[in-house]
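All residue numbers in this chain count up from 1 along the given sequence. As a basis for the values below, the full set of heavy atoms in this structure was taken, side chains included, without hydrogen atoms, waters or symmetry mates.
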Amino acid sequence: MPHIDMPTTMPAPGVVQDALGIARHAPSVWNRQPWQWRFDTKGLHLYADPERMSGVRDPLGRLTILSCGVALHHGLVALLGQSWDGAVQRFPRGISDTLVATVRLAPRYMTSPRDMAMFLAIEQRRTETRPLAAPAHDHAVFAALRATAENHGVGITILDDRGAYLVAPSARLPVRTERLGHWGMDPDYSAIAVLTTHHDTPRDWLRAGEALSEALLVATSHGLATCPVVDLPDRAGIASEAQRCARGPGPGSGAGNHAQAVLRIGVRRYPALPRTNRRAVQDLLQCR
Ligand SMILES: Cc1cc2nc3c(=O)[nH]c(=O)nc-3n(C[C@H](O)[C@H](O)[C@H](O)COP(=O)(O)O)c2cc1C
């Protein structure tokens, strides 16, 4: 009889290390990576690490938790790429605890082409702060982004031109600058997506981070460049512009009252930037 290795219900620590070695490329506010993973017999746990945000104005912890949401989603995608499925419990000890999520893992026998495309996009994605050309085939991408946001209970609205002009200065975006006139390079025609939630609790921030991560990977898998912005001085004004656009005929999945992130999406005009540094996996994961 040939020997068949049956999968156990928990991955070996090496599998988790490999997955998080890929997921560590998750973007975060100012690349602070304010999180810590722990792996034990109960599963994989993600903790917020606000100390890594020192010097960043984040009085409520919103930027920290948003970044943790991005890390969580990248972790799940990387585990799927290693054929492990994660069931997530968010804030299992309540929203004021640093334990942001616990992930229970189970083997997954089939990885879908979409999962694989997202997995590969982790490697390809970079934040692109330079001007972008308008996305081609935007309807397909926007439909994919809408589906993404709905997965997480988050609104995503692509602003129309008027919205883009209004939001760009308040989100400090270098867009539509041929009219704003202080960007010395090519004009920028990126699409601007606004992620909104109906409430503004740590749970909403976490889901918005997960949705942002998925939107980044979806856009990357469509060959597009992206730049997330969350340091938004006028969140209410941006949300109301998203709501106006969501009511119109353009693409949008309904917008909430709370803007969580703005995302520039477009076609890269310059060679891709080199990858930015990350912590080693040994620094961000403890196995027990
Ligand atoms: C939630 C979030 C918010 C961000 N906000 C900003 C921002 O306000 N301004 C900016 O220039 N970059 C912003 N970034 C991009 C990060 O600075 C960038 O992800 C990080 O430096 C790592 O670089 P990489 O994305 O190329 O890997 C943000 C990224 C994330 C995930």
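Contact check for Pro27 versus Leu216: side-chain heavy atoms found under the 4.5 Å cut-off. Counting only heavy atoms from C-beta outward, the side chains of Ile156 and Thr148 never approach each other to under 4.5 Å. Counting only heavy atoms from C-beta outward, the side chains of Leu80 and Phe119 never approach each other to under 4.5 Å. A 4.5 Å side-chain heavy-atom check between Val267 and Leu224 finds at least one atom pair inside the cut-off. Side-chain contact between Leu44 and Trp37: present, with at least one pair of heavy atoms (C-beta onward) separated by less than 4.5 Å. Between Ile122 and Met118 there is no side-chain heavy-atom pair separated by less than 4.5 Å. Taking 4.5 Å as the limit, some side-chain heavy atom of Leu60 sits within range of a side-chain heavy atom of Trp205. Taking 4.5 Å as the limit, every side-chain heavy atom of Arg57 sits out of range of all side-chain heavy atoms of Leu63.
From Leu120, atom CG reaches atom CG of Asp115 across 11.0 Å, with rounding to the nearest 0.5 Å. Note that the CZ atom of Arg38 and the OG1 atom of Thr102 stand 10.5 Å from one another [nearest 0.5 Å]. Here SG of Cys68 is found 15.0 Å from NE2 of His73. Values are rounded to the nearest 0.5 Å. We find the CG-NZ distance between Leu105 and Lys42 to be 15.0 Å, quoted to the nearest 0.5 Å. Note that CG of Leu212 is 6.0 Å distant from CG of Leu195, once rounded to the nearest 0.5 Å. Between Gln282 atom CD and Cys287 atom SG the span is 10.0 Å, to the nearest 0.5 Å.
Put simply, the side chain of Asn31 never gets that close to the backbone of Thr276: no donor and acceptor are under 3.5 Å apart. Checked by atom type and distance alone, the side chain of Arg32 never pairs as donor or acceptor with a backbone atom of Pro50 at under 3.5 Å. Side chain of Arg126 to main chain of Leu273: a donor-acceptor pair is present (N/O by atom type, distance under 3.5 Å, no hydrogens or angles). The main-chain N or O of Pro131 is never found under 3.5 Å from a side-chain atom of Arg264 such that the two would form a donor-acceptor pair. Remark: the backbone N or O of Ala101 is not paired with any side-chain donor or acceptor of Arg90 at under 3.5 angstrom. With Asp97 contributing its side chain and Val100 its backbone, the two residues share no donor-acceptor pair below 3.5 Å. Formation of a donor-acceptor pair under 3.5 Å by the Thr111 side chain with backbone atoms of Met116 is not found in this model. With Gln243 contributing its side chain and Gly256 its backbone, the two residues share a donor-acceptor pair below 3.5 Å. Side-chain atoms of Arg52 come within 3.5 Å of backbone N or O of Gln33 as a donor-acceptor pair. A donor-acceptor contact shorter than 3.5 Å is absent between the side chain of Arg104 and the backbone of Ala87.
Cluster annotation: Val167 and Leu132 are assigned to distinct hydrophobic clusters (Ile/Leu/Val/Met/Phe/Trp/Tyr, side-chain heavy-atom contacts under 4.5 Å, transitive). Note: the hydrophobic cluster containing Met53 does not contain Tyr47 (ILVMFWY, side chain heavy atoms under 4.5 Å, direct or indirect links). Placement of Ile95 and Leu99 in two distinct hydrophobic clusters is found when ILVMFWY residues are connected by side-chain heavy-atom separations under 4.5 Å, directly or transitively. Linking Ile, Leu, Val, Met, Phe, Trp and Tyr whenever their side-chain heavy atoms come within less than 4.5 Å puts Val70 and Leu217 in one cluster.
At a cut-off of 3.5 Å, with distance as the only test, no side-chain donor of His25 or Arg278 sits close to an acceptor on the other residue. The closest side-chain donor-acceptor pair between Asn151 and Glu214 falls under 3.5 angstrom.
Closest approach of Trp35 and Arg279 over heavy atoms only: O-NH2, 2.7 Å. Here the closest heavy-atom approach between residue Gln17 and residue Val281 is recorded as O-CG2, 3.6 Å. The two atoms that bring Ser221 and Val218 nearest to each other are OG-O, 2.8 Å, heavy atoms only. A pairwise comparison of heavy atoms in Gly155 and Ala149 identifies C-CB, 4.3 Å as the closest pair. Contact detail for Ser213 and His74: the closest heavy-atom pair is OG-ND1, 2.8 Å. For Pro202 against Ile65, the heavy-atom pair with the smallest separation is O-CG2, 3.5 Å.
Salt-bridge annotation for Arg108 and Asp85: present, with a side-chain N of the basic residue lying under 4.0 Å from a carboxylate O of the acidic one. A salt bridge links Arg244 with Asp160; the closest basic N to acidic carboxylate O contact falls under 4.0 Å.
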Residue pair Arg62, Arg235: steps toward the side-chain contact (heavy atoms from CB on, under 4.5 Å) verdict: CA-CA 12 Å; Arg62 188 178 74 88; Arg235 292 176 61 206; 3.6 Å; yes
side-chain contact (heavy atoms from CB on, under 4.5 Å) evaluation trace for Asp58 with Val29: CA-CA 10 Å; Asp58 187 21; Val29 175; over 6 Å; no
Val103 vs Leu76, side-chain contact (heavy atoms from CB on, under 4.5 Å): CA-CA, chis, key distance, verdict: CA-CA 9 Å; Val103 182; Leu76 294 171; 3.7 Å; yes
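Taking the ring centre of Phe91 as origin, the terminal cationic atom of Arg203 falls outside the region bounded by 6.0 Å and 45° from the ring axis.
With Gln260 as the partner, the side-chain hydrogen bond (donor to acceptor under 3.5 Å, both in side chains) test is satisfied by one option alone out of Thr197, Asp204, Thr196: Thr197.
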